[in-house]
Chemist: 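Mind looking over this structure? Questions follow.
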Amino acid sequence: MSCVRWVRFKQVVLYIEDRLPGVARLMTYAQLITLTNGPAPSDFYRFLRSDVCTAVVLDWAVARGVVQRDEENPANHAATLKRAESIFRDHYRRMRSFSQRAFLSKFPTPATVALADLRKVFIDNPHLKEQALFNSGSGGKHFSLSELHVAGKLTGDLQGWQSNNTELQLPSIKSPLARLGKVSSLFRAALSARLRQMKDAHVAFIKDAFCRLPLAQRQDIEDNTLELFALQLPAPTSRTKTAKPNAEATPFAIIALLRGSVPRVYEIFTRRAAVTLRRDIDLALLTPSSANAKAKSLPFDAEAYRHGTLPIGNATCEALLTRLDIEGAPLAPQTHSDVPDTFASNKVNAIASTAVRHLFEAYESKALQEALIAPALEDVHTNQEKWLKFYATLSPPQT
């Protein structure tokens, strides 16, 4: 009931039953949930303003702890309903905006940044991606202006380069080249901005996942003491001076322990924006590893974290356990409520922010350094694939 998807599902069912009574009962869940994402009939949005549909939104707002029903003052019902609709609409738009900006819009790469920079200078030139340029050292291969820009070759006077396209003559474009930016610097700025959007989106999605937990669990989050742990695989025992840092040894899991009358252990699957209660975990296992300690067998699926896949039952891994500082600690106390506003919870925000920070710390610094290195001209295409693969590593898995 506290899930946006549940609201859309319920509204679709109500609409079908209103127009074709009994039909929704003959449809499968998969068929109905598909309709929540597809194009809607023109009168569907008018139907959403009906009392039966707005009641669903009010149920959502009450379950989320953002609105309280005033049963003793029925005259306030219209105002409460209006507030619930406004909060739901704003939240729905905000979550869609997070998804669109962070993961659905085209990712910036050196190639896209170079092309955009060229189009600012050569506004009406249709040949920026045409592979028409060559020189004596290109081995018969032809390259485009965009590719040369990615590789940092559009500096100087393009001496030695020729064009096989009569409409793309180099003497006519040499002068405006001075107005072009440096692709590596432009790309690093675009990459940094996009990573910030991705982190913000992941934090919001994880917070939303906590909102979908049962009420008793959400209350315990606010009332109990929070501890956070990270799992990581042991680093290789031998390492040469020239060896690269072991990417596999970076923290790959965030475990939240809530100590109280009913201790609870949650796994935070950052890429999937999933929060899983682990009733089977022996709390004695959640003891931080000492210095120089050997990895111990722990009941967590390392591959699920690494690849964004669903965890396998009874999976184990050899890993070390590290206690984490809580993001933003000490956390400001919040007003107690029978139904907590979990999305606005300081503890939930700390868990989500810590989980996202650890995911990105494993990749972000190195990526920002590599963004400043222009690829060789013959490696421009593989460079594009490399960056798309990098984004996929930090994005929700494709379903």
Side-chain angles (χ1 to χ4, degrees), residues 199 202-203 206-207 209-210 213 217 220-239 243 245-308 311-333 345-366 394:
K199 286 187 280 189
H202 277 304
V203 169
I206 293 172
K207 289 163 62 174
F210 271 101
L213 294 176
Q217 294 182 34
D220 283 348
I221 291 172
E222 302 307 316
D223 297 338
N224 295 347
T225 303
L226 171 65
E227 297 178 49
L228 291 177
F229 301 91
L231 295 182
Q232 64 185 97
L233 300 180
T237 54
S238 62
R239 185 187 294 273
N246 181 28
E248 300 296 309
T250 56
F252 62 86
I254 301 297
I255 311 300
L257 168 62
L258 291 154
R259 294 189 184 274
S261 57
V262 182
R264 301 188 192 276
V265 178
Y266 294 95
E267 282 189 87
I268 317 301
F269 293 90
T270 306
R271 286 182 60 198
R272 302 191 70 88
V275 177
T276 303
L277 175 65
R278 292 293 302 270
R279 301 181 188 275
D280 59 316
I281 299 295
D282 182 355
L283 296 187
L285 289 174
L286 300 182
T287 302
S289 303
S290 58
N292 302 319
K294 293 183 178 180
K296 57 184 177 181
S297 179
L298 294 169
F300 301 101
D301 189 346
E303 294 304 307
Y305 284 99
R306 189 164 296 113
H307 303 297
I312 299 174
N314 299 319
T316 60
C317 65
E318 297 290 323
L320 302 171
L321 191 69
T322 305
R323 188 187 303 276
L324 300 177
D325 293 332
I326 297 174
E327 191 95 356
L331 303 177
S345 164
N346 291 333
K347 282 186 180 178
V348 169
N349 185 69
I351 296 170
S353 299
T354 302
V356 172
R357 174 168 56 84
H358 274 266
L359 171 65
F360 278 74
E361 277 182 351
Y363 301 94
E364 184 174 10
S365 178
K366 182 182 177 183
L394 296 174

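For clarity, every value in this text was computed on a predicted model and none was experimentally measured.
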Chemist: Do you know which two heavy atoms are closest between A319 and L298, and how far apart they sit?
Modeler: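 Reported closest heavy-atom pair: O-CD1, 4.0 Å.
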
Chemist: Counting distance only, does the side-chain N/O of K199 pair as donor-acceptor with the main-chain N or O of S353 below 3.5 Å?
Modeler: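 Not a single qualifying donor-acceptor pair exists.
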
Chemist: Using modelled atom types and a 3.5 Å cut-off, is there a donor and acceptor pairing between side-chain atoms of R278 and backbone atoms of Y266?
Modeler: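 Side chain of R278 to backbone of Y266, a donor-acceptor pair under 3.5 Å: no, none is there.
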
Chemist: With distance as the sole test, does H202 use its side chain to make a donor-acceptor pair with the main-chain N or O of L394 at under 3.5 Å?
Modeler: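 Checked: pair present.
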
Chemist: Determine the minimum heavy-atom distance between A350 and L228, stating which atoms define it.
Modeler: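 Closest approach of A350 to L228, heavy atoms only: O-CD1, 4.4 Å.
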
Chemist: Is there a side-chain contact between T270 and F360 (heavy atoms, below 4.5 Å)?
Modeler: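 No. Closest side-chain heavy atoms not under 4.5 Å.
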
Chemist: With side-chain contact (heavy atoms from CB on, under 4.5 Å) as the test, would you mind laying out the steps for V262 and R264 before giving the verdict?
Modeler: CA-CA 6 Å; V262 182; R264 301 188 192 276; 4.2 Å; yes

Chemist: Grab the two heavy atoms, one from T225 and one from K347, that are nearest each other, plus how far apart they are.
Modeler: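 Looking at all heavy atoms of both residues, the shortest contact is N-NZ, 4.3 Å.
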
Chemist: For residues A302 and C317, report the shortest heavy-atom separation together with the two atoms involved.
Modeler: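 So the minimum-distance heavy-atom pair works out to CB-CB, 4.0 Å.
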
Chemist: Got a list of side-chain donor-acceptor pairs under 3.5 Å for residues 281-288, not counting sequence neighbours?
Modeler:
from, atom 1, to, atom 2, distance (Å)
D282, OD1, A284, N, 3.0
T287, OG1, A284, O, 2.9

Chemist: Quick one: which residue pairs count as a salt bridge (charged side-chain N to carboxylate O under 4.0 Å, His left out) with a foot in residues 311-325, not counting sequence neighbours?
Modeler: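 Every pair satisfying salt bridge (charged side-chain N to carboxylate O under 4.0 Å, His left out) with a residue in residues 311-325: E227-R323.
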
Chemist: Please assess L213 against I221 for the test side-chain contact (heavy atoms from CB on, under 4.5 Å), listing each intermediate value before the final yes or no.
Modeler: CA-CA 10 Å; L213 294 176; I221 291 172; 4.2 Å; yes

Chemist: Are any side-chain N or O atoms of S289 and backbone N or O atoms of L321, one a donor and one an acceptor, separated by less than 3.5 Å?
Modeler: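 At least one qualifying donor-acceptor pair exists.
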
Chemist: Nearest heavy-atom pair of V275 and A209: which atoms, and what distance?
Modeler: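 Minimum heavy-atom separation between V275 and A209: CG2-CB, 3.8 Å.
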
Chemist: Tell me if a side-chain donor or acceptor on N346 pairs with a main-chain N or O of L331 at a distance below 3.5 Å.
Modeler: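 Side chain of N346 to backbone of L331: no pair is present.
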
Chemist: How close do A352 and K207 get, heavy atom to heavy atom, and via which atoms?
Modeler: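 So the minimum-distance heavy-atom pair works out to CB-CG, 3.9 Å.
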
Chemist: Under the side-chain contact (heavy atoms from CB on, under 4.5 Å) criterion, do V265 and I255 qualify, and how do the steps go?
Modeler: CA-CA 7 Å; V265 178; I255 311 300; 3.6 Å; yes

Chemist: The criterion is ring-ring contact (aromatic ring centres under 6.0 Å, His included); which residues satisfy it with F229, sequence neighbours excluded?
Modeler: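 F229 satisfies ring-ring contact (aromatic ring centres under 6.0 Å, His included) with no residue once adjacent residues are dropped.
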
Chemist: Working to the nearest 0.5 angstrom, can you tell me the gap between N224 CG and S261 OG?
Modeler: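 One finds 6.0 Å between CG of N224 and OG of S261.
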
Chemist: Are Y305 and L231 side-chain neighbours, meaning at least one heavy-atom pair lies under 4.5 Å?
Modeler: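 No; the side chains remain at least 4.5 Å from each other.
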
Chemist: Flag the pair D220 / L258 as yes when at least one side-chain heavy-atom distance between them is below 4.5 Å, and no otherwise.
Modeler: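 The answer is no; the side chains never approach within 4.5 Å.
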
Chemist: Report the C-alpha separation of L324 and H358 in whole Å, then their side-chain angles, then the decisive distance to 0.1 Å, and conclude whether the side-chain contact (heavy atoms from CB on, under 4.5 Å) test is met.
Modeler: CA-CA 10 Å; L324 300 177; H358 274 266; 3.3 Å; yes

Chemist: Decide yes or no for I206 and I268: does some side-chain heavy atom of the first lie under 4.5 Å from some side-chain heavy atom of the second?
Modeler: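 With C-beta onward as the side chain, the pair touches.
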
Chemist: Decide yes or no for F269 and T276: does some side-chain heavy atom of the first lie under 4.5 Å from some side-chain heavy atom of the second?
Modeler: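 The answer is yes; the side chains approach within 4.5 Å.
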
